[in-house]
Amino acid sequence: MMGRALSNVAMPVMKGCSGITILSGSEVRRGEESACIKCAKCVEACPMGLEPYLLAKISKRKGWEAAEQNDIVSCIECGCCQFTCPANIPLLDYVRLGKQSVMGIIRSRNAKK
Amino acid sequence: MANRFFVAPAPHLHGEMSTVRLMADVIIALLPALVISVKVFGWDVLAVTAVSVVSCVALEAFVQHFIVRGKSTVGNLSAALTGLLLAMNLPSNIPLWIVVVGAVFAICVAKMPFGGLGKNPFNPALAARVFLLIAYPQQMTSFVAPSVEGAADAASGATPLAALKAGMLSACDADYGAMFTGATAGSLGEVSALALLLGFAYLLMRRVISWHIPVSILATMAIFATIYAGVRFEDSMMHLYLPAFHLLSGGAMLGAIYMATDYVTSPMTKKGMLIYGVGIGVLTMCIRLWGAYPEGMSFAILIMNSVTPLLNKYVKPRRFGSR
């Protein structure tokens with residue numbers, strides 16, 4: 001679920017690497033994204049008590065301030081939201097994007113002080 | 001390598017949940033109620049259901065193709081489910097052209113103008129039901145008497161709730177067995193509490209919905225009815241019968257299990273769901289006891305639908321590690 005994808009054979013293996021998983025094509029294929037039906041399964045799945053549907057929507061629109069207010073930096077990137085999403089929305093992709101942007105903003109804000 | 005392998009960020013797996021499957025599950029959960037309905041009211045039921053489903057699906061396909069000009073969304077079964085839920089809210093002897101008017105309202109007014117599935121603020125099937133109730137009150141409230149033996153109290157074709165409102169029936173004398181199994185007059189889907197509870201069990205088992213909304217609605221209604229009976233009536237039998245009557249009559253079960261739990265128009269958080277459920281329960285009982293209509297479920301759900309965005313904004317889940 002949280003493993004890093006190997007994009008080429010030159011990827012280094014570090015001490016913390018416990019194994020390499022190879023998944024078949026049908027297992028990894030991403031379904032076609034459809035409209036959010038607000039089923040709240042992502043909210044239920046999130047172990048951190050966040051609202052992935054909201055964070056993904058905000059990140060898509062680059063609303064970094066709202067993302068920070070909704071605790072996007074608390075996301076542990078476990079991917080449970082995306083796993084459970086019936087509409088096949090790549091929630092974690094969007095949340096990760098938003099989290100990185102927000103963390104960058106926070107860092108530059110702290111650097112100014 | 002990049003050509004032969006699909007490389008994407010984690011998570012690399014996806015669950016088996018899909019929009020189509022969820023919609024199909026709700027449709028499956030409604031089948032027992034449909035079967036009971038056919039048994040009680042005869043084949044008219046299937047005609048109403050078929051017209052409703054077909055016109056909803058056709059209208060959605062039409063709007064999507066000619067007005068939205070997007071990819072067809074009929075395949076996600078949401079239009080079929082809307083059609084089925086709309087049929088569940090209509091009397092079996094309703095003229096079929098009114099069913100089509102209801103489908104037009106559900107799809108072309110309540111659903112598609114807002115952006116289709118996932119963006120409609122109000123439950124389309126319920127919005128259509130309320131529209132029909134106001135536009136065609138006579139056709140919407142004349143029910144046929146059930147054709148099952150042993151349904152002595154329903155010969156007039158009045159629903160138990162309407163009879164109670166008109167003072168023709170006391171909650172102590174109602175035939176609870178008939179109300180539980182479906183041998184009363186009423187809309188297609190609302191007559192049998194047993195069939196609806198079966199569907200509820202299936203939905204819970206498949207984890208399509210959680211218990212929060214239905215249980216909070218029904219519990220609120222029961223508590224409200226108990227307090228009302230306690231204040232209003234001396235007779236202690238009434239204190240027991242009135243809550244049971246309100247839970248089993250009218251659209252209480254259908255509304256609480258199938259209409260209020262509509263994903264799109266219900267809150268996202270568990271806490272929000274409980275507030276939403278309590279709101280629906282209180283509003284339903286207020287309309288039933290003091291309002292002009294015998295049935296208040298559909299109005300209550302629509303009113304709480306409009307509160308949902310507010311609940312989503314202010315009722316947040318507890319962040320891990322916070323108080």
Side-chain angles (χ1 to χ4, degrees), chain A residues 1-11 21-54 69-71 74-93 96-97, chain B residues 1-2 4-23 25-26 70-71 73 75-78 81 115-121 207-210 212-213 261-273 308-309 312-313 315-322:
Chain A
M1 286 287 286
M2 291 180 71
R4 193 172 284 264
L6 302 176
S7 53
N8 61 58
V9 282
M11 279 283 274
T21 314
I22 299 166
L23 299 163
S24 70
S26 60
E27 282 173 319
V28 294
R29 189 157 297 126
R30 286 186 166 192
E32 197 188 339
E33 183 179 346
S34 57
C36 172
I37 54 168
K38 301 189 186 154
C39 62
K41 298 220 178 290
C42 55
V43 181
E44 201 176 332
C46 183
M48 295 302 289
L50 307 176
E51 293 149 292
Y53 80 99
L54 186 67
Q69 278 160 9
N70 281 289
D71 300 311
S74 298
C75 173
I76 56 169
E77 304 186 19
C78 63
C80 293
C81 49
Q82 192 168 324
F83 179 84
T84 193
C85 180
N88 285 317
I89 300 170
L91 289 163
L92 184 55
D93 293 5
R96 214 184 261 127
L97 174 78
Chain B
M1 180 165 170
R4 283 179 54 212
F5 294 97
F6 180 84
V7 182
H12 308 294
L13 296 174
H14 190 269
E16 53 195 43
M17 209 72 93
S18 75
T19 304
V20 182
R21 182 69 230 226
L22 291 174
M23 298 291 166
D25 272 337
V26 182
K71 244 184 94 229
T73 50
N76 64 26
L77 292 182
S78 69
L81 179 59
L117 177 65
K119 301 184 186 72
N120 47 304
R207 299 200 180 181
V208 174
I209 58 173
S210 64
H212 299 76
I213 294 174
T261 55
D262 170 37
Y263 286 144
V264 182
T265 55
S266 62
M268 301 294 281
T269 62
K270 297 281 178 267
K271 239 186 294 173
M273 287 177 188
T308 297
N312 283 342
K313 191 165 167 61
V315 183
K316 298 284 176 188
R318 195 182 68 85
R319 311 291 190 220
F320 181 74
S322 72

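Convention: sequence-line order gives letters A, B, ...; per-chain numbering from 1.
Every residue meeting the salt bridge (Lys or Arg N to Asp or Glu O under 4.0 Å) condition with B:Lys71, not counting sequence neighbours, appears here in chain and number order: A:Glu32.
For chain B, the nearby part of A:Cys36 is the backbone; its heavy atoms alone come within less than 4.5 Å. Only the backbone of A:Met2 comes within contact range of chain B, judged by heavy atoms closer than 4.5 Å. Within the 4.5 angstrom heavy-atom criterion, only side-chain atoms of B:Leu22, from C-beta onward, approach chain A. Only the side chain of A:Leu92 comes within less than 4.5 Å of a heavy atom of chain B; its backbone N, CA, C and O stay farther away. Interface remark: A:Glu44 contributes side-chain atoms only to the contact with chain B (heavy atom separation under 4.5 Å). In this structure, the portion of B:Arg207 lying under 4.5 Å from any heavy atom of chain A is its backbone and not its side chain. In this structure, chain A has no heavy atom under 4.5 Å from any part of B:Asp262. If you measure heavy-atom distances from A:Pro90 to chain B, you find no contacts under 4.5 Å at all. In this structure, the portions of A:Asn88 lying under 4.5 Å from any heavy atom of chain B include both its backbone and its side chain.
Without hydrogens or angle criteria, B:His12 side chain to A:Ile22 main chain gives no donor-acceptor distance under 3.5 Å.
Among the candidates A:Cys85, A:Cys46, A:Cys78, A:Cys42, the residue making the largest number of heavy-atom pairs closer than 4.5 Å to chain B is A:Cys85. Listed options B:Lys316, B:His14, B:Met273, B:Met17 were ranked by heavy-atom pairs under 4.5 angstrom with chain A; first place goes to B:His14. Among B:Gly321, B:Pro317, B:Ser322, the residue with the largest count of heavy-atom pairs under 4.5 Å with chain A is B:Pro317. Across A:Ser34, A:Cys80, A:Ala35, A:Gly79, the residue that shares the most heavy-atom pairs under 4.5 angstrom with chain B is A:Gly79. By number of non-hydrogen pairs under 4.5 angstrom with chain B, the leading residue of A:Leu50, A:Leu54, A:Thr21 is A:Leu50.
The CD atom of B:Glu16 sits 10.0 Å away from atom OG1 of A:Thr84, with the distance rounded to the nearest 0.5 Å. Within the model, atoms NZ of A:Lys38 and CG of B:Asn312 stand 7.5 Å from one another, a figure rounded to the nearest 0.5 Å.
When all heavy atoms of B:Phe320 and A:Pro47 are compared, the closest pair comes out as CB-O, 3.8 Å. Closest heavy-atom contact between B:Ala8 and A:Ala5: O-CB, 3.3 Å. The shortest non-hydrogen separation linking B:Pro9 to A:Arg30 is O-NH2, 3.1 Å. For the pair B:Ala10 and A:Gly3, the tightest heavy-atom approach, listed with the atom from each and the gap, is CB-O, 3.4 Å.
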Item to check | B:Val208/A:Lys41 under side chain to side chain contact (heavy atoms under 4.5 Å, CB included): CA gap, chis, key distance, verdict | outcome: CA-CA 9 Å; B:Val208 174; A:Lys41 298 220 178 290; 5.5 Å; no
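Contact annotation: the side chain of A:Ile37 never approaches that of B:Asn76 to less than 4.5 Å [non-hydrogen atoms, C-beta and beyond].
Checked options B:Arg318, B:Lys313, B:Arg319; the residue passing with A:Glu51 is B:Arg319 (criterion: salt bridge (Lys or Arg N to Asp or Glu O under 4.0 Å)).
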